[in-house]
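Worksheet for the structure shown next.
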Amino acid sequence: IPGGDLESALKAYRESLAISERLANADPHNARLLRGLATAQEKIGYVLRAQGHLAEAIQIYRQDLATMQRVIKADPNNPNWRRDLSISQEKIAGVLFEQGKLPDALQTYRECVAIMESLARSDPDNIEWQRDLATLKSEIADMFEAQGHLADALQALRDSAAIMERIAKAQPDNTGVQRGLALADNGVADILLKQGHFADALTFYRNALAVVDRLAKADPGNATWQADLRFSFSKIGAVLMEQGKTAEALQTYRDSLAIAARLAKADPANAGLQRDLSTAYQNVGDALLALGKIAEALQSYRDGHAIRVSLAAADQSNSSRQHDIAISDNRIAAALQTQGDLPGALKAYRDGLAIISRLAQTDPTNASWQADVAFFHNRVGSVLAAQKDFTEALQNFRAGLVVLEHLTTIDPANASWQHDLAVTDSLIADALRARGEAADALKSYRDSLAVLQRLAKLNPADAGWQADLAATSARSGENRVG
């Protein structure tokens, strides 16, 4: 239901579920009726997930999984039911990932992959099963990436791309398969980009662009191909930004924006396309800001922000849309801070913090939102420190630290949270040092360095972690010599 009326869809799906439940209860060993019940449950889960109601979504997805297990028990010789079971598990894993429950998500994905690998081996010519396996390999790579295991993520994505390349060669006229190959190439490029292999990442992104460009030229009225073309331009722009080719990145981002604007204008009721447009404005803003064109960057950020506010107003129960506003608040605040407008930046960061705090309170189990709370506390604290209000800055840094200490306790393997913890300790140390509290500052620097040293050893190829380690070491040394 992209861009549709989610509340109306949810009402209709619940009515369908009630009918499916009655039919399945009347004939509890009928695999087809049970499969119909699972489908009804899955559709409700989809809408709840799209609305950002993750706790409710995972509850209904688990009911769907239980129903699929009953289907297999009723008809154990149908391999398609096993495939459907893996899809049910995939839905659960996806929500767990969104909730920041990475170990649980990874384990669930591994169960999905095991099922699909077995099915794919049993019938190598079944293209649908091969594509399912490629998709799952791509999704499990997201788990590895989130935990900082980039080598594992890259291997899973290369496996996915290899599967899609074999299928694409066998079916050159199958546009869905060709698109799948482009998506697989994008996935490999994403990890190469994160590893700092910019030239290799650019090669894979341009391979993907070549595929979607052919599709778009063959069928210029196809909105999906146009959207993929927009996406490829935005990815190439991201690499160019990393390479310092900011002017070239800006042009590429503007190409992406032009497509996004056309698609959104052609279907103004489509919330997904409107959101894509807001993201395109954000990317253009990033490039403009890097070029020092702050006023233009702010305008671009505000254009995107206005779209997101409108989308959130149209569906006030949609937490994902609220989250998008907070992301825009962060971009606007960063531009204002660069401009030297500290009061304006502080207000924008606090607006974002207020939104994220509300979301985190509605679902305390959503670890991703909790991490966002810590991020915004750090941003607010950084502006306060720039205003020489070190007391309130420390209050914000320490509030973020409490959140991150909790998150890293429940998931110590999450490298991103460990990094955020180290950064927060370093910010606390900087503020303490500015207040002349050298001994306390030294302790916080040491806490930060201990984490950064572990991360740098875990992934020596991550240039960002190495740079953070060097910078924190230098500030710690400066603290010692006064």
L106 vs R110, side-chain contact (heavy atoms from CB on, under 4.5 Å): CA-CA, chis, key distance, verdict:
CA-CA 6 Å; L106 180 59; R110 280 177 166 150; 3.7 Å; yes
In sequence, state the C-alpha distance, the side-chain angles, and the governing distance for I92 and V95, and then conclude on side-chain contact (heavy atoms from CB on, under 4.5 Å).
CA-CA 5 Å; I92 293 171; V95 177; over 6 Å; no
With side-chain contact (heavy atoms from CB on, under 4.5 Å) as the test, would you mind laying out the steps for D351 and I332 before giving the verdict?
CA-CA 11 Å; D351 288 345; I332 291 169; over 6 Å; no
Apply the test side-chain hydrogen bond (donor to acceptor under 3.5 Å, both in side chains) to residues W81 and D75: give CA-CA distance (whole Å), side-chain angles for both, the deciding distance (0.1 Å), then the verdict.
CA-CA 8 Å; W81 298 152; D75 185 10; 3.0 Å; yes
Report the C-alpha distance between I259 and D255 in whole Å, list the side-chain angles of each, state the deciding distance to 0.1 Å, and finish with yes or no for side-chain contact (heavy atoms from CB on, under 4.5 Å).
CA-CA 7 Å; I259 297 171; D255 291 340; 5.7 Å; no
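Summarising the geometry, atom OG1 belonging to T108 is positioned 9.5 Å from atom CE belonging to M143; distances are rounded to the nearest 0.5 Å. Put simply, CD on Q89 and CG on D84 are 11.5 Å apart, with the number rounded to the nearest 0.5 Å. Remark: L215 CG to Q226 CD distance equals 10.5 Å, nearest 0.5 Å. For the atom pair OG of S160 and CD1 of I140, the computed distance is 11.5 Å after rounding to the nearest 0.5 Å. Atom CG of L289 sits about 8.0 Å away from atom CG of L298, to the nearest 0.5 Å. The OG1 atom of T252 sits 8.5 Å away from atom CG of L250, with the distance rounded to the nearest 0.5 Å.
Side-chain contact between D411 and W417 is present, with at least one heavy-atom pair separated by less than 4.5 Å. Residues W225 and D219 meet the side-chain proximity criterion, which asks for heavy atoms closer than 4.5 Å. Side-chain atoms of Q130 and M164, non-hydrogen and from C-beta on, never get closer than 4.5 Å to each other. Looking only at side-chain heavy atoms (C-beta outward), V47 and K43 stay at 4.5 Å or farther from each other. Side-chain contact between L102 and L96 is absent, with no heavy-atom pair separated by less than 4.5 Å. Counting only heavy atoms from C-beta outward, the side chains of L229 and L209 approach each other to under 4.5 Å. Q282 is listed as a side-chain neighbour of S328, based on a closest heavy-atom distance under 4.5 Å. The closest side-chain heavy-atom distance from R254 to F233 is not below 4.5 Å.
Between the side chains of Q99 and S368, no donor-acceptor pair of N or O atoms lies under 3.5 Å. Using modelled atom types, one finds a donor on one side chain and an acceptor on the other under 3.5 Å when comparing T39 with R35. Using modelled atom types and a 3.5 Å distance limit, the side chains of Q51 and E7 yield a donor-acceptor pair. In the model, S234 has no side-chain atom that pairs as donor or acceptor with a side-chain atom of N283 under 3.5 Å. The closest side-chain donor-acceptor pair between D159 and Q155 falls under 3.5 angstrom. Side-chain contact, D315 with S317: a donor N or O sits under 3.5 Å from an acceptor N or O.
In terms of heavy atoms, G52 sits closest to S320 at CA-OG, 4.0 Å. In plain terms, the two heavy atoms of N414 and A146 that are nearest each other are OD1-O, 3.5 Å. Of all heavy-atom pairs spanning G36 and S20, the tightest one is O-OG, 3.9 Å. Annotation for G148 and A415: closest pair CA-CB, 3.8 Å, computed over non-hydrogen atoms. A266 approaches P268 most closely through the heavy-atom pair C-CD, 3.6 Å. Among all heavy-atom pairs drawn from A249 and M241, the shortest one is CB-CG, 3.6 Å.
Applying the side-chain contact (heavy atoms from CB on, under 4.5 Å) test to S8 and every residue at least two apart in sequence or in another chain returns D5. In this structure, the side-chain contact (heavy atoms from CB on, under 4.5 Å) partners of A24, at least two apart in sequence or on a different chain, are L34, L37. Scored by the salt bridge (charged side-chain N to carboxylate O under 4.0 Å, His left out) test, D420 finds no partners at all (sequence neighbours excluded). Every residue two or more places apart in sequence or in another chain that forms a side-chain contact (heavy atoms from CB on, under 4.5 Å) with R83 is listed here: I87, M116, L119, E128, W129, D132. Residues satisfying the salt bridge (charged side-chain N to carboxylate O under 4.0 Å, His left out) criterion with D190, sequence neighbours excluded, are K235. For T365, the side chain to side chain donor-acceptor pair (under 3.5 Å) partners are D363, not counting sequence neighbours. Here E139 pairs with E90, Y109, T135, L136 under the side-chain contact (heavy atoms from CB on, under 4.5 Å) rule; sequence neighbours left out.
N25 places a side-chain N or O within 3.5 Å of a backbone atom of E21 that can act as its donor or acceptor partner. When atom types are taken as modelled, the side chain of T67 and the backbone of A38 share no donor-acceptor pair closer than 3.5 angstrom. No donor-acceptor pair under 3.5 Å is formed between the side chain of S86 and the backbone N or O of I115. For Y253 (side chain) and D286 (main-chain N/O), no donor-acceptor pair under 3.5 Å exists by modelled atom type. For Y205 (side chain) and D200 (main-chain N/O), no donor-acceptor pair under 3.5 Å exists by modelled atom type. At least one donor-acceptor pair under 3.5 Å links the side chain of Q418 to the backbone N or O of P412. In terms of modelled atom types and a separation under 3.5 Å, the side chain of Q274 and the main chain of A264 share a donor-acceptor contact.
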Tabulate below the donor-acceptor pairs under 3.5 Å that side-chain atoms of residues 371-381 make, not counting sequence neighbours, or state none.
from: D372; atom 1: OD2; to: H323; atom 2: NE2; distance (Å): 2.6
from: H377; atom 1: ND1; to: N396; atom 2: OD1; distance (Å): 2.9
from: N378; atom 1: ND2; to: T424; atom 2: OG1; distance (Å): 2.8

With a cut-off of 3.5 Å and sequence neighbours excluded, list every side-chain donor-acceptor pair involving residues 176-185.
from: Q178; atom 1: NE2; to: A168; atom 2: O; distance (Å): 3.2
from: Q178; atom 1: NE2; to: Q171; atom 2: O; distance (Å): 3.4
from: R179; atom 1: NE; to: D228; atom 2: OD1; distance (Å): 3.4
from: R179; atom 1: NE; to: D228; atom 2: OD2; distance (Å): 2.4
from: R179; atom 1: NH2; to: D228; atom 2: OD1; distance (Å): 3.1

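The salt bridge (Lys or Arg N to Asp or Glu O under 4.0 Å) pairs that include a residue from residues 258-278 are R230-D276, R275-D324, where partners are two or more places apart or lie in different chains. Listed by first and then second residue, the salt bridge (Lys or Arg N to Asp or Glu O under 4.0 Å) pairs involving residues 45-63 are R49-E98 (not counting sequence neighbours). Listed by first and then second residue, the salt bridge (Lys or Arg N to Asp or Glu O under 4.0 Å) pairs involving residues 300-309 amount to none (not counting sequence neighbours).
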